[in-house]
Amino acid sequence: MDPTLKLLAFLILVLANICPIKSDFSHCEKVVKNWAFSSLQQRVKEDKHTLRDLLFFLHVPRTGGRTYFHCFLKRLYANAQECPRSYDKLRFDPRKQECRLLATHDDYSMMSKLPKEKTSVVTILRNPVDRIFSTYEFSIEVAARFLVHPNLTSATKMVGRLRPGATGVSTLDIWPWKYLVPWMREDLFARRDARKMMGSIDIKRNDPYNMEEMVMPLQEYINDPRAHELVHNGETFQVAGLTNNSYFAESHEVRCCVQKHKILGEHVLEVAKKRLDDMLYVGLTEDHRESATMFANVVGAQVISQALTENSSMESAANSKSGTGQGSSHSESLPDNDDNQDSTSDHKADEIGSTEDLEEKKETDRSRVSEVVIEQIRSLNHLDFELYKYAQEIFAKQHKHVVEKLSSMESESMFNNPGGITMWKFFSSAMCIVVLLALLFLFVNARRRMSKVKI
């Protein structure tokens, strides 16, 4: 199908999805309240601070999740323990014992496919304004890579030729980029064609987010129906399990009702808060260093402890069976560092080599955006702002809990072994160094990539 027709078809679908056939307030109120009541009745029986058999990393786009995945999780879990990607559809059996780590952009509705009582969930949230900026920038950055082609038709054909034989998962296959990137790609080609017809243009603007001759202005982007469907309040909808990529049968109608009747969003917000309360760990992009340290202590230490315990059990079973005192060493069962399991090189390059960690450089540019646009972003993402505030409260409680636990362990260690350093403290420090080095690499690499982007 012609790419223009594809985009038009999606726009029609988005416009149709915003308002269901029956969307009067009384009906919507009943639908949303029933869904919220059912969701809030779900209880977590086990201690939420204890890591269970399966770890589900609910990766909210543009929150720095790839850093956590590659610098932490892929070093903590063996390749064989990592579940295949799901992104668009469930392509694995999560009930298999060897599947221990699932990291995707899927929303919380994925839990309906997982063994709930054996699954721990972790996520990271970001200041909504910064996340909107980053989503806009990343959509343009990936789309701009296609401008090496003479026209949109050539670019689309190239994608069609490469993807059927690809072994990994492309950014163009992953929600929400599979919708946002093609949209920006067509827009960039249209504006480039318009510039060619007009001849040379002298562009002098103080606001880099309002260069309509080159790219779609930020204000136009945030007001488009596609942004309302895919971007705004995205953190709340993803944590609640109500994106347009949801597995919940009622998600479409609930989401549409909330979009039409803003006041009903409070019910979705309460569900999202409950989801965060039940999670093993909730991080914040803005407090990256502290967040990484807590991640190492809350999640990392427990993964290592699980691996050591399982290894010890396997050794005991093997010794009992063989009658010998020899068994495999601890190092054989600990997570390896082989990155070959993650064959999604295109997606990995897109996110790690992207502008995710260039906030210092962008602060100056973003400060030039009018307060009117900023205020509009705040208004369009009011649910995300409330959820982010709640996440900050959880983050503070997590920090207090970790500090108290580490202090208790350190005191015990010093009493039993003066001068000793606990494994927890060592692991925390080591992970901090890893993250800082990774961020430095990402910063330098992203600057190099951005300098080559052809607009």
Side-chain angles (χ1 to χ4, degrees), residues 48-83 85 99-106 119-126 279-308 310 331 333-345 347-354 356-357 391 394-395 398-399 401-402 405-406 422-443 445:
K48 68 178 181 180
H49 296 298
T50 301
L51 176 66
R52 301 170 199 170
D53 295 338
L54 175 62
L55 179 64
F56 171 29
F57 178 26
L58 193 160
H59 181 186
V60 177
R62 313 314 296 161
T63 57
R66 296 300 286 182
T67 300
Y68 282 79
F69 178 72
H70 286 283
C71 295
F72 285 96
L73 296 175
K74 281 192 68 64
R75 266 78 182 161
L76 292 169
Y77 285 91
N79 291 336
Q81 294 177 311
E82 187 181 341
C83 307
R85 297 293 190 273
C99 184
R100 306 295 295 273
L101 170 65
L102 174 64
T104 82
H105 282 332
D106 286 292
T119 303
S120 291
V121 186
V122 298
T123 195
I124 305 166
L125 298 186
R126 185 177 189 176
M279 290 185 185
L280 173 65
Y281 167 85
V282 178
L284 301 175
T285 304
E286 284 68 26
D287 292 301
H288 202 57
R289 180 172 181 176
E290 193 66 33
S291 187
T293 301
M294 285 203 296
F295 188 89
N297 284 292
V298 174
V299 182
Q302 292 196 65
V303 175
I304 290 179
S305 179
Q306 274 189 357
L308 292 174
E310 291 173 3
S331 61
S333 68
L334 288 176
D336 59 59
N337 293 328
D338 188 356
D339 287 335
N340 294 330
Q341 169 71 12
D342 185 9
S343 61
T344 59
S345 57
H347 180 47
K348 181 177 177 180
D350 285 341
E351 290 220 28
I352 287 186
S354 72
E356 192 164 77
D357 301 290
I394 293 177
F395 187 78
Q398 286 178 155
H399 182 269
H401 178 78
V402 169
K405 190 168 186 177
L406 288 178
T422 66
M423 179 188 75
W424 284 62
K425 190 171 183 180
F426 173 79
F427 185 76
S428 172
S429 301
M431 280 301 178
C432 276
I433 295 174
V434 170
V435 171
L436 290 175
L437 290 175
L439 291 177
L440 178 61
F441 168 77
L442 297 178
F443 179 80
N445 191 44

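What you are looking at is a predicted structure, and each value in this text was computed from that prediction instead of being measured. Numbering starts at 1 and runs along the sequence shown. Side-chain atoms are counted along with the backbone in the values below, which use heavy atoms only and exclude waters and symmetry mates.
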Do L284 and I124 pass the side chain to side chain contact (heavy atoms under 4.5 Å, CB included) test, and can you show the C-alpha distance, the side-chain angles, and the key distance before you say yes or no? CA-CA 5 Å; L284 301 175; I124 305 166; 5.8 Å; no
Is the closest side-chain heavy-atom distance between M294 and N297 below 4.5 Å? no
Is there a donor-acceptor contact under 3.5 Å from the side chain of S120 to the main chain of L55? no
For F57, all residues meeting ring-ring contact (aromatic ring centres under 6.0 Å, His included), sequence neighbours excluded: H59
Side-chain donor or acceptor of R52 paired with backbone N/O of T119 under 3.5 Å: yes
Is any side-chain heavy atom of Q81 closer than 4.5 Å to one of L101? no
Walk me through it: do V298 and V402 pass the test side chain to side chain contact (heavy atoms under 4.5 Å, CB included)? CA-CA 7 Å; V298 174; V402 169; 3.4 Å; yes
Looking at R62, is its backbone amide N or carbonyl O close enough to the side chain of R126 to form a donor-acceptor pair, meaning the two atoms are under 3.5 Å apart? yes
Between E82 and K74, does any NZ, NE, NH1 or NH2 come within less than 4.0 Å of an OD or OE carboxylate oxygen? yes
Judged by atom type as modelled, is there a donor-acceptor pair below 3.5 Å linking the side chain of R75 to the main-chain atoms of H70? yes
Working to the nearest 0.5 angstrom, can you tell me the gap between Y68 OH and T123 OG1? 10.5 Å
Start with the C-alpha distance between D287 and F395, add both sets of side-chain angles, then the distance that settles side chain to side chain contact (heavy atoms under 4.5 Å, CB included), and finish with yes or no. CA-CA 10 Å; D287 292 301; F395 187 78; 4.0 Å; yes
Main chain of R289, side chain of T293: is a donor-acceptor contact present, judged purely on distance under 3.5 Å? yes
Is the backbone N or O of L51 less than 3.5 Å from a side-chain atom of Q302, with the two atoms forming a donor-acceptor pair by type? yes
Among residues at least two apart in sequence or on other chains, which ones pass ring-ring contact (aromatic ring centres under 6.0 Å, His included) with H401? H49
Exercise: identify the closest heavy-atom pair between V299 and Y281: CG2-CB, 4.0 Å
Gap between atom CG of L280 and atom OG1 of T50 - 0.5 Å precision: 8.0 Å
When you measure from the side chain of R100 to the backbone N and O of Y77, does any donor-acceptor pair fall under 3.5 Å? no
Atom CG in L102, atom CG in L73: separation rounded to 0.5 Å? 11.0 Å
Nearest-0.5 Å distance, OG of residue S291 to NE2 of residue H399: 11.0 Å
In this structure, OG1 of T104 is separated from CG of L58 (nearest 0.5 Å) by 7.0 Å
